[in-house]
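Heads up, the thing below is written out as C-alpha cells.
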Amino acid sequence: MTVTEAGTAAAPVPTQATCQSTYQTRVADYWNAEENPVNLELGKIDDLYHHHYGIGDVDWSVLDEDEVGGGVGGGVGSGSGSGSGSGGDRDDAAKRRDRITAELHRLEQAQADLLASHLGALSPTDRVFDAGCGRGGGSVVAHLRYGCHADGVTISRKQADFANDQARKRSIDDKVRYHHRNMLDTGCPSGAYAASWNNESTMYVELDLLFAEHARLLRRGGRYVTITGCYNDAYGRASREVSLINAHYICDIHPRSEYFRAMARNRLVPVHVQDLTAATLPYWELRKQADHLVTGIEETFLSAYENGSFQYLLIAADRI
Ligand code: SAH
C-alpha cells in the first residue's frame, strides 16, 4: 500500500516485478501453496517436475494386486491369499502405488516430449521461452533435448525458486533460468527466442495479450507451441464440467476458436494442430484409480472429454 504525501492511502498500484492484477495474485497464491502429491511424487522419480497431464497408452498391469517374483503378475488376485503376512501385504500395496506413480509420470513425460518435439530445429546457441513454467520440468526437457538456453517464467515465486534449485542441482543453471514474472509482461528481450511455449498455462490469461508477448519475444520464423485444454465451440458454450474445472484451478478455459483468432491477430500462423483428447483419456482413467494421488477433479475431466465439451489440443505456429 502506498501513502501519498497528503497522508491518504492510495489504491494499490501494481509495482511488483510481476505487475500483476488481483486475479493474478490469487493465482500466484494458489501455486505458492500447491503441494499435490500428483505433482511432487511424480517429479521426485527423476527430478523432472511436470504440472500437466499425460498422453499415450497405459500399461494396465501396474494395477495388478499381486506381484510374483519381482515381475508383474498375470492374475488380478485378491491379495489376501496365502504366503505373505500383513507386512508383505503392506509392501505389495506400496509397490503397487509406486508402479502407478511411475506410469503416470511416464505419460506426463511423453506429453512434455511431444511438445518439445514441435519446437523446431534448435541448436545449443538458441534460446527458448517457457511461459507459465511451473516447477520447471518443460525447460529442462527442452535443454536436455537440444542443448539450448531456456528462460522460464511463473507468477509463483516459490515455483521459480524451486525450479532454479533444481537447475543448480543438475548443474545446468548457466543455461536454464527461471524468473518470477508475469508472462504477459516479461521484460525479456525482443526477438531473442527461437521457440516459446505454454504447456497448460494459457487458461490463466487473455490470449491476445499472451500472444502479443510471444510475438514480441520470438524472432521471425520462430516457433510457438501450446498444449492446452479448450472448450469445444461445436458443443456450444462452456459445459458444467468445464465450469467446474475453471472453479477448481481458478482459471478461464478458452474456446478452441479463440486460439486461432488470437494467433491470427498476433503474427502466429498455425502449422500443426493435433487433437490429443483420445490420447489423454487413458491417463485420466489411470489417475482416477490412483487413490494416493487423486485431487478430486478426475471424474470431471473424464466427463468433460467424453461428452464432447472439452478438448485437449496441441497447436504449433510459426511467428511471421
Ligand atoms: N507449464 C508448466 C506448469 C503448468 S501449471 C508445466 O507444464 O509443468 C500453470 C502455470 O502457469 C503455473 O506455473 C502458474 O504459476 C503459471 N501462471 C499462471 N498465470 C501466470 C502469469 N500471468 N504469468 C506467469 N505464469 C503464470
Side-chain angles (χ1 to χ4, degrees), residues 14 16-36 38-43 46-55 104-105 107-116 118-119 128-143 150-164 166-167 176 178-188 195-214 217 224-229 245-246 248-254 276 280 283 295 297 312 314:
Q16 314 94 312
T18 48
C19 285
Q20 67 204 35
S21 63
T22 308
Y23 164 74
Q24 288 165 339
T25 303
R26 295 286 86 79
V27 171
D29 292 344
Y30 174 94
W31 289 105
N32 282 330
E34 186 277 325
E35 299 212 335
N36 290 326
V38 75
N39 287 326
L40 294 172
E41 294 303 315
L42 274 63
D46 57 3
D47 286 336
L48 283 171
Y49 288 84
H50 301 302
H51 297 351
H52 56 70
Y53 311 124
I55 51 168
L104 287 170
H105 187 54
L107 301 176
E108 291 190 3
Q109 184 61 36
Q111 193 266 30
D113 285 336
L114 178 70
L115 191 155
H118 283 280
L119 292 174
V128 299
F129 185 79
D130 181 357
C133 62
R135 284 188 173 89
S139 287
V140 177
V141 168
H143 169 73
D151 285 301
V153 305
T154 167
I155 199 102
S156 156
R157 170 167 295 285
K158 198 168 147 202
Q159 287 185 330
D161 290 346
F162 182 97
N164 279 321
Q166 290 294 320
V176 178
Y178 301 92
H179 315 272
H180 174 219
R181 303 228 180 124
N182 187 342
M183 62 182 158
L184 300 181
D185 193 7
T186 62
C188 294
S196 68
W197 68 90
N198 285 96
N199 198 346
E200 292 182 18
S201 52
T202 49
M203 58 291 289
Y204 293 99
V205 289
E206 287 162 63
L207 292 182
D208 262 307
L209 302 180
L210 177 68
F211 293 155
E213 183 66 350
H214 280 286
L217 294 169
Y224 172 75
V225 182
T226 184
I227 294 183
T228 188
I245 296 168
N246 280 337
H248 184 89
Y249 290 104
I250 331 174
C251 65
D252 187 12
I253 292 163
H254 305 288
L276 299 172
T280 196
Y283 166 88
T295 62
I297 199 67
Y312 199 45
L314 177 147

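Values below: all heavy atoms of this structure, side chains included; hydrogens, waters and symmetry mates excluded. First listed ligand is number 1; within each ligand, the first listed atom is number 1.
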Which residue and heavy atom of the protein sit nearest [atom], plus the separation:
{"atom": "atom 11 (O) of ligand 1", "result": "Ser201 CB, 3.5 Å"}
{"atom": "atom 8 (O) of ligand 1", "result": "His51 N, 2.7 Å"}
{"atom": "atom 15 (O) of ligand 1", "result": "Thr154 OG1, 2.9 Å"}
{"atom": "atom 20 (C) of ligand 1", "result": "Met183 CE, 3.6 Å"}
{"atom": "atom 16 (C) of ligand 1", "result": "Gly132 CA, 3.7 Å"}
{"atom": "atom 7 (O) of ligand 1", "result": "His52 CD2, 3.0 Å"}

What are the atoms of ligand 1, with element, lying closer than 4.0 Å to any heavy atom of [X]?
{"X": "Arg181", "value": "23 (N), 24 (C)"}
{"X": "His50", "value": "8 (O)"}
{"X": "Glu200", "value": "4 (C), 5 (S), 9 (C)"}
{"X": "Asn199", "value": "1 (N), 2 (C), 4 (C), 7 (O)"}
{"X": "Tyr204", "value": "9 (C), 18 (C), 19 (N)"}

Backbone, side chain, both or neither: what part of [X] comes under 4.0 angstrom of ligand 1, heavy atoms only?
{"X": "Val205", "result": "side chain"}
{"X": "Gln24", "result": "side chain"}
{"X": "Ile155", "result": "both"}
{"X": "Cys133", "result": "backbone"}

[X] versus [Y]: any side-chain heavy-atom pair under 4.5 Å?
{"X": "Glu41", "Y": "His105", "answer": "no"}
{"X": "His248", "Y": "Thr295", "answer": "yes"}
{"X": "Met203", "Y": "Ile253", "answer": "yes"}

| Name the one of Thr154, Asn198, Ile155 that satisfies side-chain contact (heavy atoms from CB on, under 4.5 Å) with Met183? |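 That would be Asn198; it is the only one of Thr154, Asn198, Ile155 passing the side-chain contact (heavy atoms from CB on, under 4.5 Å) with Met183.
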
| query | Out of Trp31, Tyr49, Tyr249, whose heavy atom is nearest to atom 5 (S) of ligand 1? | reply |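 Among Trp31, Tyr49, Tyr249, the closest heavy atom to atom 5 (S) of ligand 1 comes from Trp31.
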
| message | Quick test of your reading of the structure: of Asn182, Leu184, Thr226, whose heavy atom lies closest to atom 22 (N) of ligand 1? | response |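 The nearest heavy atom belongs to Asn182.
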
| message | Restricting to non-hydrogen atoms, name the atom on Leu119 and the atom on Ala142 that form the minimum distance, rounded to 0.1 Å. | response | CD1-CB, 4.2 Å

| Which atom names give the shortest non-hydrogen contact between Tyr178 and Ser139, and what distance separates them? | OH-CB, 3.4 Å

| request: Would you check if the side chain of Glu213 reaches a backbone N or O of Thr186 as a donor-acceptor pair within less than 3.5 Å? | output: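 Yes; judged by distance alone, with no hydrogens or angles, the pair exists.
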
| task | Look only at the side chain of Gln24 and the backbone of Ser21, and say whether a donor-acceptor pair between them is shorter than 3.5 Å. | result |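 Yes; judged by distance alone, with no hydrogens or angles, the pair exists.
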
| query | Among Thr226, Asp130, Thr202, which one satisfies side chain to side chain donor-acceptor pair (under 3.5 Å) with Trp197? | reply | Asp130

| Sub-3.5 Å N/O-N/O distance, Gln159 and ligand 1 | yes

| said: Polar contacts were defined as any N/O atom of the residue lying under 3.5 Å from an N/O atom of the ligand; does this apply to Asp130 and ligand 1? | reply: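 Between Asp130 and ligand 1, no N or O pair is found under 3.5 Å apart.
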
| request: List the steps, then state whether salt bridge (Lys or Arg N to Asp or Glu O under 4.0 Å) holds for Asp29 with Arg26. | output: CA-CA 5 Å; Asp29 292 344; Arg26 295 286 86 79; 3.0 Å; yes

| query | Any chance the rings of Phe211 and Tyr224 have centres within less than 6.0 Å? | reply | yes

| request: Say whether His51 and Glu200, considering side chains only, have a donor N or O and an acceptor N or O under 3.5 Å apart. | output: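 Side-chain D/A pair, His51 to Glu200: absent.
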
